[in-house]
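Working notes, structure below.
FYI, side chains are in, hydrogens and waters are out, and symmetry mates aren't considered; it's all heavy atoms of this structure.
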Amino acid sequence: MKTSLFSVFGAGVMFMVFFLFAPAMSNAEVNVNINVPLPALVIPGPPALIVIPGTYVYYPPDVDVDIFFYHGYWYRPFRGGWYIANGYNGPWRAIGPRRMPRALIDLPPGYRRVPPGHERIPYGQVRKNWRAWEKERHWDHPGGEHGGPGHGRERGHGRGRYNED
């Protein structure tokens, strides 16, 4: 009889434990996060840039990976996401879709086809002047238009070429 009473008591305890902890166990979540690392990008020196027609977004035509300079930062698309960096070689960090500049999302198709007459602008000059150029709408003026006379030339530099910092 003692064995039977012990068995009933043990079964009762097991029954209570099951019902007390079952709701907690049913709320368990599984979160699988697979990070695909951004491939390394090493550019040996400051890249020359070209302004994308109709924008104030710059890109390095001699770099095979899509990267863009805009408003003082570098942006890089990869596998449906975007990454941002202070320098052209990174370090890159993910940027959410709400923080992406509209100018980068709306880039014209075929922007990599460099029109005749476009000069490559040294990165140091773009970094130093992008804010003033955008404020004065430099690329919208005759003589500063994409591919037009004076394109890629800083005012006051005799031969019309930029001098690297």
Side-chain angles (χ1 to χ4, degrees), residues 26-165:
S26 67
N27 290 333
E29 293 182 23
V30 175
N31 187 0
V32 177
N33 189 2
I34 300 173
N35 286 328
V36 177
L38 185 66
L41 174 63
V42 178
I43 300 172
L49 301 171
I50 290 181
V51 65
I52 297 172
T55 74
Y56 282 81
V57 176
Y58 302 83
Y59 79 98
D62 301 322
V63 175
D64 292 334
V65 174
D66 284 335
I67 60 171
F68 307 95
F69 181 82
Y70 182 69
H71 281 190
Y73 294 98
W74 286 89
Y75 294 86
R76 183 177 174 193
F78 181 70
R79 293 197 177 169
W82 281 86
Y83 295 81
I84 187 172
N86 291 326
Y88 53 86
N89 278 329
W92 300 96
R93 61 190 183 282
I95 183 172
R98 290 182 177 204
R99 297 200 52 218
M100 277 301 300
R102 173 65 51 199
L104 292 168
I105 295 169
D106 294 337
L107 288 175
Y111 70 86
R112 276 198 171 270
R113 282 182 246 121
V114 180
H118 266 59
E119 288 186 36
R120 286 163 166 74
I121 309 165
Y123 168 59
Q125 291 298 316
V126 175
R127 186 184 69 230
K128 183 170 95 179
N129 295 306
W130 70 265
R131 189 175 278 120
W133 289 342
E134 190 164 336
K135 182 179 178 183
E136 70 184 29
R137 305 304 294 174
H138 178 75
W139 303 119
D140 298 344
H141 297 197
E145 291 180 14
H146 312 288
H151 175 315
R153 297 180 183 151
E154 186 172 343
R155 295 177 185 140
H157 279 262
R159 292 186 319 216
R161 295 224 180 256
Y162 286 103
N163 297 323
E164 183 63 60
D165 286 336

Task: Distance in Å, I50 CD1 paired with D62 CG, rounded so as to fall on 0.5 Å steps - done: 7.5 Å
Open item on the list: Taking A103's backbone N and O only, do any of them form a donor-acceptor pair with Y56's side chain (distance below 3.5 Å, no angle check)?
Closed with: no
Task: Contacts of Y70 that satisfy ring pair (Phe, Tyr, Trp, His ring centres under 6.0 Å) - sequence neighbours left out - done: none
Open item on the list: Could you check whether atom CZ of R131 has more than 12 heavy atoms from other residues, nucleotides or ligands sitting under 6.0 Å from it?
Closed with: no
- [ ] Evaluate the ring planes of W74 and Y123, with Trp represented by its six-membered ring, and classify them as parallel (under 30°), tilted (30 to 60°) or perpendicular (over 60°).
- [x] tilted
Open item on the list: Within the 4.5 Å heavy-atom criterion, are N86 and Y73 side-chain neighbours or not?
Closed with: yes
Open item on the list: Is there a side-chain contact between W82 and R99 in this structure, where contact means two heavy atoms from C-beta onward sitting under 4.5 Å apart?
Closed with: no
Open item on the list: Rounded at 0.5 Å granularity, tell me how far CH2 in W133 sits from NZ in K128.
Closed with: 9.0 Å
Task: For P53 against P108, the heavy-atom pair lying closest together - done: O-CG, 4.0 Å
TODO: Determine the interplanar angle of the Y59 and Y111 rings, folded into 0 to 90°, and report it as parallel if under 30°, tilted if 30 to 60°, perpendicular if over 60°.
DONE: perpendicular
- [ ] State, with a plain yes or no, whether a side-chain heavy atom of I67 is found less than 4.5 Å away from one of I43.
- [x] yes
Task: Distance in Å, I84 CD1 paired with R93 CZ, rounded so as to fall on 0.5 Å steps - done: 5.5 Å
Open item on the list: Nearest 0.5 Å, please: how far is OH in Y75 from CG in L107?
Closed with: 12.0 Å
Open item on the list: Testing the basics here: between V51 and T55, what is the closest heavy-atom pair and its distance to 0.1 Å?
Closed with: CG2-O, 3.4 Å
Task: Shortest non-hydrogen contact between R76 and D66, atoms and distance - done: CG-O, 3.7 Å
Open item on the list: To the closest 0.5 Å, what do you measure between CD1 (I95) and OH (Y83)?
Closed with: 11.5 Å
Open item on the list: Once rounded to the nearest 0.5 Å, what's the spacing between atom CG of L49 and atom CD of Q125?
Closed with: 11.0 Å
TODO: State, to 0.1 Å, how close R120 and A48 come at their nearest heavy-atom pair, and which atoms those are.
DONE: CB-CB, 3.6 Å
Open item on the list: So, using salt bridge (Lys or Arg N to Asp or Glu O under 4.0 Å) as the criterion, who are the partners of D64 when residues are at least two apart?
Closed with: none
Task: I105 and P97, any side-chain heavy atoms less than 4.5 Å apart - done: no
TODO: Go through the structure and list residues passing ring pair (Phe, Tyr, Trp, His ring centres under 6.0 Å) with W92, not counting sequence neighbours.
DONE: none
- [ ] Kindly check if the number of other-residue, nucleotide or ligand heavy atoms within 6.0 Å of CZ (R137) is above 12?
- [x] yes
Task: Min side-chain heavy-atom separation Y88-P47 under 4.5 Å - done: yes
